[in-house]
2 protein chains.
Amino acid sequence: MKRKRSYSKITRQALSILGKLIRVGRVERGMTAQELADRAGISRTTLYNIEKGAPGAEIGTVFEVAALVGVRLFEFDDRTLAMHNARLDEKLTLLPKSVRHSRQEVDDDF
Amino acid sequence: MKRKRSYSKITRQALSILGKLIRVGRVERGMTAQELADRAGISRTTLYNIEKGAPGAEIGTVFEVAALVGVRLFEFDDRTLAMHNARLDEKLTLLPKSVRHSRQEVDDDF
DNA sequence: TCACAATGACCATTAAAGTGAACATAATAT
DNA sequence: ATATTATGTTCACTTTAATGGTCATTGTGA
């Protein structure tokens, strides 16, 4: 079953910031909550929660809203994202496909 | 009712990148999927989905995992986040509390 | 090589997120 | 000032995501 979660302070702060960035972006662009919600295809209630930094919101929705008000999480144009994506794929091929723990090695990074 | 969503290309790419960053971070640190899932307090299935860039994952969970493998979305230490948070609060007090559309103004940003 | 650990992938179950309605309160254009 | 619009907040309902299990496949240490 889905479980109720608790989140670290850093996560909560990051989400709070993201929510505020979205709100600032929205207000600066003169959009009402309802308008932004409509454009994003979500309810005003959900946008409300997102702007409050709710940890349970779906990440896809949040990213979508962020893009609509000009909040860029990474580099935020199609080309740059594709580039990074490709570079990561390369990097992944170089890394082991699966992480195997040797018998005695404790593997604590120190 | 909760609705099935569709996401823009940019959102899908950003999520794909984030998932790969997490996977790279995990593998570089020599953690198995199960180990990271345990530390994050989620199931391996969910981590699997996150690493695949699933848009439906909860943002709090994704941020939590990202932090655990050293992927920084914003500035990722407590102090810096607090600073940004405070600065945003300031900014918000300067902006209108609610966006009001004047009668005839169409308000399309051009 | 090859045993076995790690990952990929699917499924039924269950709790939680999204929704829209509703209402109160706050803010702003006139 | 005030009418009206935007926002804050709660709630029952419904759908979806997280879970844990399971099994096949892949990768790697010995």
Side-chain angles (χ1 to χ4, degrees), chain A residues 1-7 15 19-20 22-65 69 92-107, chain B residues 1-7 15 19-20 22-24 26-65 92-107:
Chain A
M1 58 297 225
K2 216 173 179 182
R3 280 174 14 197
K4 183 156 211 170
R5 251 173 242 321
S6 70
Y7 303 90
L15 287 173
K20 283 171 189 167
I22 287 172
R23 171 173 271 256
V24 167
R26 172 174 72 78
V27 174
E28 282 183 343
R29 286 160 189 252
M31 303 172 69
T32 68
Q34 188 64 60
E35 283 171 346
L36 179 53
D38 288 346
R39 290 203 199 184
I42 62 175
S43 68
R44 187 171 68 89
T45 304
T46 298
L47 176 58
Y48 168 71
N49 285 321
I50 289 174
E51 289 190 348
K52 294 207 74 163
E58 294 189 13
I59 193 170
T61 307
V62 179
F63 276 30
E64 204 76 26
V65 171
V69 297
L92 274 170
T93 63
L94 300 178
L95 288 170
K97 315 300 175 217
S98 79
V99 175
R100 198 64 172 281
H101 288 309
S102 48
R103 205 65 61 92
Q104 35 258 7
E105 189 184 344
V106 183
D107 189 61
Chain B
M1 57 295 228
K2 214 173 180 183
R3 281 176 10 198
K4 183 154 212 172
R5 251 173 243 320
S6 71
Y7 303 90
L15 286 172
K20 283 172 188 166
I22 287 172
R23 170 172 272 255
V24 167
R26 172 174 71 79
V27 174
E28 283 183 343
R29 284 159 191 253
M31 303 172 69
T32 68
Q34 188 65 61
E35 284 171 346
L36 179 53
D38 288 345
R39 290 203 200 185
I42 62 175
S43 68
R44 186 172 70 87
T45 304
T46 298
L47 176 59
Y48 168 68
N49 285 321
I50 289 174
E51 290 189 347
K52 294 208 73 165
E58 294 188 13
I59 193 169
T61 308
V62 179
F63 276 30
E64 203 77 27
V65 171
L92 273 171
T93 62
L94 299 180
L95 288 170
K97 314 302 174 212
S98 80
V99 175
R100 198 65 171 280
H101 288 309
S102 49
R103 203 67 60 92
Q104 37 257 10
E105 190 184 342
V106 182
D107 190 63

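Convention: sequence-line order gives letters A, B, ...; per-chain numbering from 1. Basis for what follows: all heavy atoms, side chains included, without hydrogens, waters or symmetry-related copies. Keep in mind that what you see is a predicted model, and the values were worked out from it rather than measured.
- Listed here is the closest heavy atom pair of B:Thr32 and A:Val99: CG2-O, 3.6 Å.
- Going from atom CE of B:Met31 over to atom P of C:dA5 covers 19 Å, rounded to whole Å.
- Scanning for side chain to side chain contact (heavy atoms under 4.5 Å, CB included) contacts around A:Ala40 gives A:Ile42, A:Val65, A:Leu68, with sequence neighbours left out.
- At a threshold of 4.0 angstrom between heavy atoms, the contacts of A:Gly60 with the nucleic acid are absent.
- With the nearest nucleotide of DNA chain D identified for both A:Arg5 and A:Glu51, A:Glu51 has the one nearer the 5' end.
- Residue A:Lys97 places no side-chain N or O under 4.0 Å from the OP1 or OP2 atom of D:dT25.
- Comparing D:dT9, D:dA6, C:dA6 against the side chain of A:His101 picks out C:dA6 as the nearest.
- When the nearest nucleotides of DNA chain D are assigned to B:Gly41 and A:Arg23 by heavy-atom distance, the more 5′-ward of the two goes with A:Arg23.
- Along DNA chain C, the nucleotide closest to B:Arg100 and the one closest to A:Pro55 are compared, and the more 5′ of them pairs with A:Pro55.
- Applying the side-chain hydrogen bond (donor to acceptor under 3.5 Å, both in side chains) rule to A:Glu28 yields no partners; only residues at least two apart in sequence or on another chain are considered.
- Partners of B:Thr46 according to the side-chain hydrogen bond (donor to acceptor under 3.5 Å, both in side chains) rule, which considers only residues two or more places apart in sequence or in another chain, are B:Ser43.
- Residue A:Arg26 places at least one side-chain N or O closer than 4.0 Å to OP1 or OP2 of D:dT7.
- We find that CD of B:Glu64 is positioned 16 Å from C1' of D:dA18, with the value rounded to whole Å.
- The nearest whole Å value for the distance from the CD1 atom in A:Ile50 to the C1' atom in D:dG8 is 16 Å.
- Atom CD in B:Glu35 sits roughly 13 Å away from atom P in C:dA5 (whole-Å rounding).
- Residues forming a side-chain hydrogen bond (donor to acceptor under 3.5 Å, both in side chains) with B:Tyr7 (at least two apart in sequence, or on another chain): A:Glu58.
- The side-chain hydrogen bond (donor to acceptor under 3.5 Å, both in side chains) search around A:Arg5 returns B:Thr61, not counting sequence neighbours.
- Applying the side chain to side chain contact (heavy atoms under 4.5 Å, CB included) criterion to B:Ala33, with sequence neighbours excluded, gives B:Arg26, B:Arg44, B:Leu47.
- When all heavy atoms of B:Leu92 and A:Lys20 are compared, the pair lying nearest together is CD1-CG, 3.9 Å.
- With the end axes of the helix from C:dT1-D:dA30 to C:dT30-D:dA1 each set by five pairs, the angle from one to the other reads 70° at 10° resolution.
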Identify all pairs in which a protein N or O lies below 3.5 Å from an N or O of nucleotides 10-17 of chain D, and state each distance.
{"residue": "D:dT15", "atom": "O3'", "partner": "B:Lys2", "partner atom": "O", "Å": "3.0"}

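- For C:dA26, the OP1/OP2 oxygens have no side-chain nitrogen or oxygen of B:Ser98 closer than 4.0 Å.
- Between A:Leu95 atom CG and C:dA6 atom C1' the separation is 15 Å, expressed in whole Å.
- Residue-to-nucleotide contacts include a donor-acceptor pair under 3.5 Å from the side chain of A:Arg44 to the base of D:dG8.
- Rounded to an integer number of Å, the gap from A:Leu36 CG to D:dA6 C1' is 14 Å.
- Mapping A:Thr46 and B:Lys52 onto DNA chain C by nearest heavy atom places B:Lys52 at the nucleotide closer to the 5' end.
- Taking side-chain N and O atoms only, B:Ser43 has a distance below 4.0 Å to OP1 or OP2 of D:dT19.
- Residues A:Val62 and A:Ala57 share a closest heavy-atom pair of CG2-CB, 3.9 Å.
- Considering CZ of A:Arg23 and OH of A:Tyr48, their distance stands at 9.0 Å, rounded to 0.5 Å.
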